[in-house]
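Just below is one structure, and these are the notes that go with it.
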Amino acid sequence: AIGNDVTLNNASNDFDSDDNDDTVTVTGKDVNIRNSDAFNLGAQTISGNLTVQAGGSIEDGGVMDVEGTTTLTATGRVNMNNNGSDYTGPVNVTAEGGKISLKDDNDIELGTISSAGTFSLTASRTTTGTVTQSGTITVANRTAITNSGGDVTLNNENNDFGDGSSTNDVQVTAANVSIKNSETLE
C-alpha cells in the first residue's frame, strides 16, 4: 500500500500478534490500525500519519519510520525502543496501564504524552538533535530523557512530571535543558 491509506480500525480486530510473537507490518501513507488486545508492530514505513490503538500494550518489533504525526494509544504500556526509528512529526502517546519507552535516532517533537507509569526517551542516537514539545506531558512517575549532545526544551507550563513526592521526578542528560512543570519539580 505504498502511497495509499490503510484503515483497519475496527475495535474487534485481533491480529494475534501478541500470542505467538508475530508482528504486524504496514507500509502506506496515512495508516490507522486498531487491535482488540496487545499489539506487536513490525517495521513500519509510513509516508503520512500513523495511528495505532491497542486494547493492551503496544510493542515494536522493527524500525519505525513515520513522516507525519504518530499517535499511539494503549490500555497497557507502550514500548517503542527499537534502534533506527525516526519519527519526523509530533509523537503522541497514551499508556493508560503502564510505562512509555521511546527511541528516535535524531530530533523528536513530543506531542501529548500521558503515562500512568514512567516515561523514558532516548533521542539523537546518531546525530545532535533536539527534543521539543507541542503538547502537554503528564507522567505519574519518573521521566528519564537522554539526548546526548543535543538540547531538551519542554516549556509547556501545564506539564506534570511525577507528583513531586519523590526525588528525581525528571532526569535529563542533554547539552542544554529547559523544563516547565505545573507543580513542584524534584
Side-chain angles (χ1 to χ4, degrees), residues 27 30-31 41-52 57-74 77-95 98-164 166-186:
T27 298
D30 290 329
V31 175
L41 297 173
Q44 308 294 313
T45 302
I46 311 299
S47 62
N49 301 320
L50 173 64
T51 302
V52 178
S57 296
I58 299 173
E59 305 277 340
D60 66 347
V63 172
M64 307 295 287
D65 184 3
V66 183
E67 296 297 319
T69 299
T70 301
T71 303
L72 308 170
T73 305
R77 70 182 180 273
V78 175
N79 189 26
M80 307 300 281
N81 63 356
N82 202 301
N83 293 333
S85 292
D86 185 20
Y87 304 95
T88 304
V91 179
N92 304 292
V93 183
T94 299
K99 69 178 185 170
I100 297 171
S101 178
L102 292 174
K103 281 187 182 177
D104 190 299
D105 269 3
N106 45 46
D107 296 327
I108 188 167
E109 176 187 338
L110 300 174
T112 300
I113 303 292
S114 178
S115 173
T118 60
F119 172 50
S120 67
L121 169 66
T122 302
S124 302
R125 289 185 5 82
T126 60
T127 64
T128 303
T130 59
V131 175
T132 58
Q133 75 178 120
S134 57
T136 302
I137 300 171
T138 305
V139 180
N141 297 309
R142 178 176 291 168
T143 296
I145 299 172
T146 302
N147 189 27
S148 300
D151 296 341
V152 173
T153 305
L154 305 175
N155 284 335
N156 186 319
E157 61 190 27
N158 294 313
N159 289 337
D160 189 0
F161 295 101
D163 61 9
S166 62
T167 58
N168 301 319
D169 283 339
V170 179
Q171 294 179 319
V172 180
T173 302
N176 298 294
V177 178
S178 178
I179 295 178
K180 289 185 180 177
N181 195 54
S182 63
E183 302 175 332
T184 302
L185 189 60
E186 295 285 332

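Remark: T173 engages T146 in a side chain to side chain contact (heavy atoms under 4.5 Å, CB included) (not counting sequence neighbours). Applying the side-chain hydrogen bond (donor to acceptor under 3.5 Å, both in side chains) rule to T153 yields no partners; only residues at least two apart in sequence or on another chain are considered. With sequence neighbours excluded, the residues satisfying side chain to side chain contact (heavy atoms under 4.5 Å, CB included) with N156 are Q133, T136, N158, N159. When the side chain to side chain contact (heavy atoms under 4.5 Å, CB included) test is applied to S114, the partners found at least two apart in sequence or on another chain are T94. Applying the side-chain hydrogen bond (donor to acceptor under 3.5 Å, both in side chains) test to D60 and every residue at least two apart in sequence or in another chain returns nothing. Residues meeting the side chain to side chain contact (heavy atoms under 4.5 Å, CB included) test with S134, sequence neighbours left out: P90, E109. By the side-chain hydrogen bond (donor to acceptor under 3.5 Å, both in side chains) test, N81 pairs with N79, sequence neighbours left out. Remark: S178 pairs with N155 by the side-chain hydrogen bond (donor to acceptor under 3.5 Å, both in side chains) rule, at least two apart or across chains.
Distance alone, capped at 3.5 Å, is enough to place a donor-acceptor pair between the Q44 side chain and the G42 backbone. A donor-acceptor contact shorter than 3.5 Å is absent between the side chain of T112 and the backbone of V93.
You'll find the side chain of D104 stays beyond 4.5 Å of the side chain of S85, heavy atoms only. The shortest distance between side-chain heavy atoms of F161 and L154 falls below 4.5 Å. You'll find the side chain of I113 stays beyond 4.5 Å of the side chain of T143, heavy atoms only.
Of all non-hydrogen atoms in N141 and A116, the two that sit nearest each other are ND2-O, 3.8 Å. Contact between S115 and G98 at its shortest, heavy atoms only, is OG-O, 3.0 Å. Between E157 and K180, the closest heavy-atom pair is CA-CB, 4.1 Å. Residue D30 comes nearest to G48 through the heavy atom pair OD1-CA, 3.4 Å, listed as atom of the first residue, atom of the second, then distance. What you find for Y87 and M80 is that their closest heavy atoms are OH-CB, 3.6 Å. The two residues V152 and A174 have their closest heavy-atom pair at CG2-CB, 3.6 Å.
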Hey, can you pull the donor-acceptor pairs under 3.5 Å for the side chains in residues 65-73, sequence neighbours left out?
| residue | atom | partner | partner atom | Å |
| --- | --- | --- | --- | --- |
| T71 | OG1 | N92 | ND2 | 3.4 |

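The side chain to side chain donor-acceptor pair (under 3.5 Å) with S124 is formed by just one residue from the set T130, D105, N106, N147; it is N147.
For the atom pair T88 OG1 and I108 CD1, the distance stands at 10.0 Å (nearest 0.5 Å). With rounding to the nearest 0.5 angstrom, the CG atom of D160 is 11.0 Å from the CD1 atom of I137. The line from CE of M64 to CG of D86 is 11.5 Å long, rounded to the nearest 0.5 Å. The line from OG1 of T132 to CG of D107 is 7.5 Å long, rounded to the nearest 0.5 Å.
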